[in-house]
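Below: one structure, written as structure tokens.
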Amino acid sequence: MSSYLDELNDAQRAAVEYIDGPALVIAGAGSGKTRVLTYKIMHLLNNGYKPWNILAITFTNKAAREMKERIAKQIGEQDAAQLWMGTFHSIFMKILRMEIDKTDYQKNFTIYDATDSKNVVKGIIKDMNLDDKIYDLRTVCSRISGAKNDLISPEQYESTEQYADDSNAKRYKMVDIYRAYMRKCQTSNAMDFDDLLLQTHLLFLKHPELIKKYSDKFRYILVDEYQDTNSVQYNIVKSLASLHHKLFVVGDDAQSIYAFRGARIENILNFQRDYKEAKIFKLEQNYRSTKVIVNAANNVIAKNARQLKKEVFSENETGDRIRVLESAADIDESYKIAADIYNRVADGDEKYSDFALLYRSHSQSRSLEESLHKRQIPYKIFGGLSFYERKEIKDLIAYMKLTQNGNDDEAFKRVVNYPKRGIGDTTMDKITALATANNLSIWNTVVRLQEFDPTISPRTINALAQFMKMVYQLKLFADSNDAYKATLQIANTSGVLKDLEADKSVEGQGRLENAQELLNGVKQFVETRQKDGNTATLAEYLEEVSLMTGDEKNEDDSNKVSLMTIHASKGLEFKNVFLCGVEEGLFPSQKSAESSVQLEEERRLFYVAVTRAQKRLVISFARMRFKYGQLAPAQPSRFIKEIDTKYLDFGAGGESQFEAARDIPYAGRFRKTFAENDRNIAARPVPKFGNFKKYVPGSGPNRAAQVSPSDLKEGTEIKHSRFGRGRIVAFEKMKDDTKLTIDFINVGRKVLMQKYAIADMQIVN
DNA sequence: CACGTCACTGTTTTT
DNA sequence: CAGTGACGTG
């Protein structure tokens with residue numbers, strides 16, 4: 001009996017041991033999913049599978065790396081390195097490079113990130129003389145991306161719902177833009193993120209013998225976070241599993257939060273339909289969180305209509321109630337949170353690394369960051385403007401890309417005049433137009449520039465020639481040196497380093513430091529690869545870095561508070577979690593509150609957030625929030641109300657917080673008060689919220705009993721969660737609903753439909 | 001061609 | 001408030 005199986009509970013063990021056919025593991029939050037995946041792979045290896053016959057797809061590079069490390073500990077690094085483990089994007093890139101001669105690309109293709117894609121589209125809209133108000137960049141980009149992920153070619157696009165919608169918005173040229181975009185990427189020999197998936201799909205479509213080859217090779221396929229797969233991914237996985245039917249997918253429909261990116265929750269909901277002989281395993285015991293947290297999360301997710309049945313439970317301690325924290329304004333929120341962390345750590349109860357601050361959108365990080373900074377609390381922010389998105393880094397990487405792929409137009413345009421070489425916008429606009437007209441890359445257009453346009457001045461031609469000669473020489477250098485030497489050469493020869501050094505301002509020095517950090521990163525890359533006996537070329541470095549998302553740099557896991565979006569927190573856990581800015585319009589976001597499908601996704605996101613906490617959760621909202629440069633009033637999120645109040649601790653103010661918003665003092669005053677607070681901050685320690693109230697089953701203030709329609713009649717006094725107290729003055733029965741006219745004390749007379757309003761009302765006796 | 005100023009406008013989430 | 005784009009001047 002192998003020892004690792006003893007470390008699993010019955011459901012986990014069953015999932016690990018079943019290796020006869022397709023299987024779906026529905027893994028509730030905190031139910032040991034990663035453990036199952038890791039042990040499953042070990043189990044496969046123990047049962048005769050060879051590492052190179054196993055394909056394991058994870059959602060992030062980080063997840064892949066961590067799993068690989070865990071497995072390496074058991075089976076040794078050499079065998080672990082043979083596993084095909086990585087994200088869809090990285091695995092497919094590997095396959096594409098191996099089979100490159102069967103595609104329309106060349107081996108040295110580069111990757112366009114989101115900014116590059118946006119710029120390409122922007123150029124096309126400009127080229128085609130289209131109105132950029134109608135052809136909103138974000139919309140156009142997301143349409144193209146959506147089409148690619150749904151396997152809709154430009155030819156098929158006209159018959160889609162999106163196209164109908166585009167036509168309504170007078171976007172008649174979407175198909176042409178889409179087609180032009182594809183062509184541009186092609187002439188640039190560049191693939192965007194979606195292409196890595198789409199081109200793999202097209203490759204298999206065109207070369208069925210490759211499906212055979214890879215489906216034979218991958219004897220066992222594992223896919224993590226299956227609920228977040230999109231159509232392309234789904235289809236490719238299906239092809240790859242077509243031969244052996246050994247497909248093991250793990251996921252949790254309740255945690256599907258990437259529909260905006262094309263993820264189709266149906267893929268997991270319909271798994272059994274796709275694979276009739278599939279076995280289903282449910283991991284329902286949560287090992288992460290207290291009972292209160294798990295039960296509260298269940299309360300919320302129960303509101304979603306579409307989901308697979310499962311009952312997540314915890315056998316951990318009951319735990320403290322969830323603290324609902326109200327603040328007057330967002331700055332107060334940050335202040336209180338920082339103060340609470342400060343005090344708890346000062347008391348010696350906790351470490352900084354035990355805390356995470358989660359938020360719906362990146363913009364919320366700033367005020368939190370400031371408050372932490374003022375208290376000198378160490379923190380790290382995940383995501384956001386990642387290291388690789390900084391200008392100075394993108395510039396250097398553009399040079400690196402250009403040496404590998406001179407046809408990379410976006411890289412070319414980015415650095416052709418940085419540092420200044422006297423090649424301005426006018427020149428580049430001309431060249432770009434010529435490139436488009438001749439269906440050539442910019443590089444190849446410049447080569448024949450005199451032929452295309454004899455009016456261009458010799459001085460400009462010379463400047464371009466100098467630039468391209470330099471790039472070519474850098475390419476030759478890179479071809480015969482390792483990535484570090486190449487990057488150093490690039491940074492020096494291009495003049496980027498000199499330009500950065502010239503700027504003596506504080507920000508300028510910061511940029512220089514960043515550039516040096518990049519160089520260090522490359523150096524590290526080279527050393528690690530060479531230590532393992534591998535080559536470390538610039539091309540190899542770029543492959544790795546182009547799919548990296550910034551926060552995956554080896555963060556020192558030292559004692560710091562973590563700040564991140566809820567999306568970024570998926571898969572992680574923290575002893576103490578603050579969920580910040582839980583307000584209507586922010587969470588759920590304005591947009592998603594409009595449709596029930598999107599609202600359900602927001603609710604799942606809330607579920608993910610709540611289930612990150614192991615011991616203690618604070619759900620925080622403010623009455624005023626800084627938005628678009630000014631303070632705007634805010635209301636607590638509906639999601640808070642979806643949690644049974646017996647799991648909630650409202651602090652001294654009690655549940656009254658959910659009554660109509662009180663008078664808010666004029667916004668300007670907040671800022672002043674806060675400036676004072678800042679001055680006194682060290683002198684005036686804020687008490688922590690106090691010990692959280694314990695939840696004792698069967699006790700506590702339960703939410704008032706649901707109001708039933710028969711309780712309502714003319715004259716009934718009610719309390720509405722949003723409008724406060726009021727009296728029903730008219731009661732009019734209609735076909736399938738009742739119209740209530742209510743005089744509210746604070747907000748005056750309102751007419752509400754009973755069907756919708758009743759959930760928000762209580763009877764006042 | 002480079003650089004500064006000014007008005008506008010908009011926010012989810014990411015491989 | 002910030003990031004972007006348009007416009008005018010050396």
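We name chains A, B, ... by the order of the sequence lines, and we start the count at 1 in each one. It should be emphasised that the depicted structure is a prediction, and the values quoted were computed from it without experimental measurement.
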- Find the distance A:E225:CD to B:dT13:P and express it as a whole number of Å. 19 Å
- Nucleotide by nucleotide, nucleotides 5-10 of chain B touches protein heavy atoms under 4.0 Å in the pattern (B base, S sugar-phosphate only, - none) ------
- Closest to the A:T60 side chain, choosing from B:dT15, B:dC1, B:dT14: B:dT15
- Query: Counting side-chain heavy atoms from C-beta on, which of B:dT14, C:dA2, B:dT15 comes nearest to A:F193?
  - Reply: B:dT15
- residues 124-147 of chain A vs ring-ring contact (aromatic ring centres under 6.0 Å, His included), sequence neighbours excluded, gives none
- A:D425 CG - C:dG5 C1' separation (whole Å): 12 Å
- Task: Would you please name every residue forming a ring pair (Phe, Tyr, Trp, His ring centres under 6.0 Å) with A:F525, sequence neighbours left out?
- Result: A:Y541
- A:D192: what forms a side chain to side chain donor-acceptor pair (under 3.5 Å) with it, not counting sequence neighbours? A:K148, A:Y181
- Message: Mind checking if A:Q598 touches a base, just sugar-phosphate, or nothing, with heavy atoms under 4.0 Å?
- Response: base
- Message: Taking 5.5 Å and 30° as the limits, would you call A:F59 and the base of B:dT15 a stacked pair?
- Response: no
- Is the shortest side-chain N to carboxylate O distance from A:D228 to A:K570 below 4.0 Å? yes
- Query: How would you label the contact of A:R459 with the nucleic acid (heavy atoms, under 4.0 Å): base, sugar-phosphate, or nothing?
  - Reply: nothing
- Query: Just checking A:Y258: base, sugar-phosphate only, or nothing, at a heavy-atom cut-off of under 4.0 Å?
  - Reply: sugar-phosphate
- A:K570 NZ - B:dT13 P separation (whole Å): 16 Å
- Query: For B:dA2, does either OP1 or OP2 sit under 4.0 Å from a side-chain N or O belonging to A:N417?
  - Reply: yes
- A:T565 side-chain N/O to B:dT14 phosphate OP1/OP2 under 4.0 Å: yes
- Note on the structure: Between CG of A:L137 and C1' of C:dG5 the distance, given in whole Å, is 13 Å
- Message: Heavy atoms only, 4.0 Å cut-off, all strands: where does A:K126 land among base, sugar-phosphate and nothing?
- Response: nothing
- Note on the structure: note: A:E543, atom CD; B:dT15, atom C1'; distance rounded to Å ~ 16 Å
- Query: If you look at every strand shown and take non-hydrogen atoms under 4.0 Å, does A:K627 touch a base, only sugar-phosphate, or nothing?
  - Reply: nothing
- Query: C:dT4 phosphate, OP1 or OP2: any side-chain N/O from A:K122 under 4.0 angstrom?
  - Reply: no
- Message: Pairing donors with acceptors under 3.5 angstrom, does anything connect the side chains of A:E225 and A:Q227?
- Response: yes
- Flag for A:T229-A:N267: side-chain donor and acceptor within less than 3.5 Å: yes
For residues 458-467 of chain A, dump all side-chain donor-acceptor pairs below 3.5 Å to protein atoms at least two apart in sequence or in another chain.
unit_1, atom_1, unit_2, atom_2, d
A:T460, OG1, A:S457, OG, 2.8

- For the side chain of A:T426, starting at C-beta, report the closest nucleotide among B:dC1, C:dA2, C:dC1. B:dC1
- Query: Which nucleotide in the set C:dC1, B:dT15, B:dT14 lies at the smallest distance from any side-chain heavy atom of A:F260?
  - Reply: B:dT14
- Rounded C1' spacing from B:dT11 to C:dA6 in Å: 23 Å
- Query: With respect to the side chain of A:H362, which nucleotide from C:dA2, B:dC3, B:dT14 is positioned closest?
  - Reply: B:dT14
- Message: Can you tell me if A:S361 touches the phosphate of B:dT11, counting only side-chain N or O atoms and a distance under 4.0 Å to OP1 or OP2?
- Response: no
- Message: Between C1' on B:dT14 and CG on A:L197, what's the gap in Å once rounded to a whole number?
- Response: 13 Å
- Message: Whole angstroms only, please: what is the NZ-P distance between A:K94 and B:dT15?
- Response: 20 Å
- Using ring pair (Phe, Tyr, Trp, His ring centres under 6.0 Å) as the criterion, list what pairs up with A:H567, not counting sequence neighbours. A:Y258, A:F260
- Query: Do NZ/NE/NH1/NH2 and the carboxylate oxygens of A:E369 and A:R366 come within less than 4.0 Å?
  - Reply: no
- May I have the distance from A:I57 (atom CD1) to B:dT15 (atom P), rounded to whole angstrom? 16 Å
- Message: Please determine whether a side-chain nitrogen or oxygen atom of A:S589 lies at a distance below 4.0 Å from atom OP1 or OP2 of B:dT13.
- Response: no
- Query: Mapping A:A114 and A:T460 onto DNA chain B by nearest heavy atom, which one lands closer to the 5' end?
  - Reply: A:T460
